[in-house]
Amino acid sequence: MQTIDQTFIRAAFPALGKGQVYLDNAGGSQIARHVVERITEFLYTANVQLGATYAASAQAGEMVNRGRQAVATLLNAARPEEIVLGATSTQLFDQLARALVQTWQPGDEVIVTNFDHEANIGPWAKLASQGIVIKVWTMPEGAHQPDLADLQALLSDRTRLVAVTHASNIYGSIMPVREIADIVHAGGALLCVDGVAYAPHRAIDVQALGADFYGFSVYKTYGAHFAALYGRYDALLAAGNINHSFFPNDKVPQKMEPGNASHELAYSCTGVIAYLEDFAQAHGINAQGRAAVEAAFDIIADHEQAISERLLAYLRGRKDVTIIGDPSSDKARRVPTISFTIDGKSSRAIVEATDPTGFGIRYGDFYSRRLVQALDLADPDGVIRVSAVHYNTLHEIDALIAHLDTL
């Protein structure tokens with residue numbers, strides 16, 4: 001395993017090393033310096049409306065296009081027009097639902113899960129008011145991976161879409177998206193994947209995954225408070241228009257971006273790619289673009305597996321701890337989002353006793369309320385969650401363990 005260059009990391013993330021240990025990264029990561037610099041660059045050089053003929057407007061349009069291309073590179077989309085930009089993943093999934101339902105009929109079906117974040121459940125569930133039948137794919141009791149046979153049983157010739165997460169923000173488990181996609185497509189339906197809890201940890205290839213739609217939060221992936229949704233071009237073309245009525249239906253992706261996305265935050269996405277390129281370079285890999293993304297995340301995955309194992313080994317050794325999810329640290333099976341409970345202890349009390357030490361961890365249901373309720377953990381305080389990323393260190397995990405031992 002290649003050692004992470006902490007000197008490089010601390011230079012790239014100025015917020016680190018100031019007394020706060022960030023272990024609530026599944027709620028939002030720290031922002032890379034590269035991203036902040038590009039926000040400033042846009043605001044100081046091209047802060048005008050797009051679409052005009054004068055030079056500054058043309059420059060602004062080009063910078064926004066570069067941001068869209070950066071997200072396409074990050075996700076390995078076939079073309080930048082497949083990237084819909086917006087404020088949050090929740091908002092983008094809602095916009096997608098409003099666009100797709102225009103092409104569906106009452107009695108058509110959507111399958112959601114009970115183990116997803118509400119962002120990829122709620123927008124589809126709301127379509128019941130328009131006559132869409134909502135079915136729920138549930139996690140088997142005691143499992144942290146879904147049963148694909150259960151999904152197969154839910155599909156019918158009226159199924160239009162299946163919505164599923166790539167990685168659970170409670171379990172940390174990585175779902176078999178390619179296998180799910182094959183089942184869904186064999187049934188003639190579309191697949192919408194929530195990649196929010198996966199994107200900070202691994203290189204995403206939407207083409208290899210077979211996803212028709214794939215959303216993630218840029219602000220959880222070392223960027224600004226922004227989000228993006230991939231849609232396969234022909235699927236976006238077939239969707240309805242949720243922008244102004246005079247927009248032609250072939251105006252992709254703008255027909256999916258009412259009111260326009262933030263221009264400066266769109267351009268700032270180029271900073272995420274620049275950070276990953278610099279990360280690869282700092283670790284001895286001379287690569288650009290997609291090759292740098294893949295190389296950087298390969299190193300990140302190894303480091304995160306070591307972090308996960310350090311904490312999970314401690315939790316596995318405590319008889320009073322229940323790990324919620326996969327107890328393995330295998331990087332192919334989980335990301336370093338680790339949830340647990342302690343017998344006889346309130347999750348809230350544990351977290352609040354930890355706050356003064358400078359460790360930022362969290363308790364609750366994290367908007368995966370249906371899952372936490374199914375696990376009978378919602379009352380009163382949900383789970384304790386420690387969510388690491390690659391800028392966290394083994395030293396930080398050891399210090400957290402030493403603190404937990406005192407409680």
Ring geometry between Phe359 and His403 (parallel below 30°, tilted from 30 to 60°, perpendicular above 60°): parallel
Within 45° cone and under 6.0 Å: Arg66 NZ/CZ vs Tyr267 ring: no
Neighbour count above 12 (heavy atom, 6.0 Å) for His395 NE2: no
Side chains of Gln130 and Arg98 in contact at under 4.5 Å (non-hydrogen atoms): no
Residues Asn25, Ser387; criterion side chain to side chain donor-acceptor pair (under 3.5 Å); working and verdict: CA-CA 5 Å; Asn25 296 288; Ser387 51; 5.2 Å; no
Name of the residue among Leu96, Ile132, Asp94 meeting side-chain contact (heavy atoms from CB on, under 4.5 Å) with Trp124: Leu96
Nearest atoms (heavy-atom pairs only) where Asp381 meets Ser347: O-CB, 3.8 Å
Test item: side-chain donor near acceptor, Tyr314 and Arg318, under 3.5 Å: yes
Expected output: side-chain Thr88 to main-chain Gln91 donor-acceptor under 3.5 Å: yes
Nearest-0.5 Å distance, CG of residue Leu209 to CZ of residue Arg178: 7.5 Å
Audit row: Glu257, Lys251, salt bridge (charged side-chain N to carboxylate O under 4.0 Å, His left out) steps and yes/no: CA-CA 10 Å; Glu257 295 177 344; Lys251 194 172 179 61; over 6 Å; no
Flag if over 12 foreign heavy atoms under 6.0 Å of CZ, Arg369: no
Any donor-acceptor N/O pair, Ser339 side chain to Ile170 backbone, under 3.5 Å: yes
Test log, rule side chain to side chain contact (heavy atoms under 4.5 Å, CB included), inputs Val177 and Tyr198: CA-CA 12 Å; Val177 172; Tyr198 184 87; over 6 Å; no
Heavy-atom closest pair, residues Ala266 and Val64: CB-CG1, 4.1 Å
Nearest-0.5 Å distance, CG of residue Asp205 to CG of residue Asn76: 4.0 Å
Side-chain donor-acceptor contact under 3.5 Å, Gln49 with Ser57: no
Least distance between heavy atoms, Arg290 atom then Leu75 atom: NH1-C, 3.8 Å
Crowding at NZ, Lys345 (>12 non-hydrogen neighbours, <6.0 Å): no
Ser173 and Asp326 side chains, donor-acceptor separation under 3.5 Å: no
Flag side-chain contact, heavy atom, 4.5 Å: Ser168 against Met175: yes
Approximate separation, where rounding is to 0.5 Å, of His303 NE2 and Tyr391 OH: 11.5 Å
Heavy-atom side-chain contact between Val164 and Trp137 under 4.5 Å: yes
Close side-chain approach of Gln2 to Asp298, heavy-atom, < 4.5 Å: no
Residue pair Leu377 / Ile324, side-chain heavy-atom distance below 4.5 Å: yes
Distance-minimising heavy-atom pair for Ala46 and Met63: CB-SD, 3.7 Å
Within-4.5 Å side-chain heavy-atom neighbours: Leu236 and Val84: yes
Tyr214/Asp194 under side chain to side chain donor-acceptor pair (under 3.5 Å): CA gap, chis, key distance, verdict: CA-CA 6 Å; Tyr214 192 105; Asp194 177 354; over 6 Å; no
Nearest heavy-atom neighbours spanning Arg385 and Asp24: NH2-OD1, 3.6 Å
CG (Asp376) with more than 12 external heavy atoms under 6.0 Å: no
Salt bridge (charged side-chain N to carboxylate O under 4.0 Å, His left out) between Arg370 and Glu118, worked out: CA-CA 8 Å; Arg370 298 170 198 241; Glu118 192 66 18; 2.7 Å; yes
Test of ring centre spacing under 6.0 Å for Tyr222 and His34: no
Check: Asp157 side chain, Gly187 main-chain N or O, donor-acceptor pair, under 3.5 Å: no
Beyond-backbone contact of Leu161 with Leu100, side-chain heavy atoms, under 4.5 angstrom: yes
Min side-chain heavy-atom separation Gln281-Asn286 under 4.5 Å: yes
Short N-O contact, Arg158 and Glu109, less than 4.0 angstrom: no
Exam field: side chain Gln30 to backbone Ala15, donor-acceptor pair closer than 3.5 Å: no
Asn47 side, atom CG; Glu41 side, atom CD - distance, nearest 0.5 Å: 12.5 Å
Stepwise side chain to side chain contact (heavy atoms under 4.5 Å, CB included) test for Thr341 and Val321: CA-CA 6 Å; Thr341 58; Val321 166; over 6 Å; no
Within 6.0 angstrom of Arg362 CZ, more than 12 heavy atoms from elsewhere: no
Spacing of CG belonging to Asp320 relative to CZ belonging to Phe340, to within rounding of 0.5 Å: 10.0 Å
Nearest heavy-atom neighbours spanning Ala181 and Gly210: CB-O, 3.7 Å
Between CD on residue Glu277 and OG1 on residue Thr270, distance to nearest 0.5 Å: 9.5 Å
Distance-only side-chain donor-acceptor flag, Glu309 / Gln305, under 3.5 Å: no
Crowding at OH, Tyr367 (>12 non-hydrogen neighbours, <6.0 Å): no
Candidates Tyr22, Tyr275, Phe279 - the one meeting ring-ring contact (aromatic ring centres under 6.0 Å, His included) with Phe13: Tyr275
Pair Glu304 + Arg334: basic N to acidic O under 4.0 Å: no
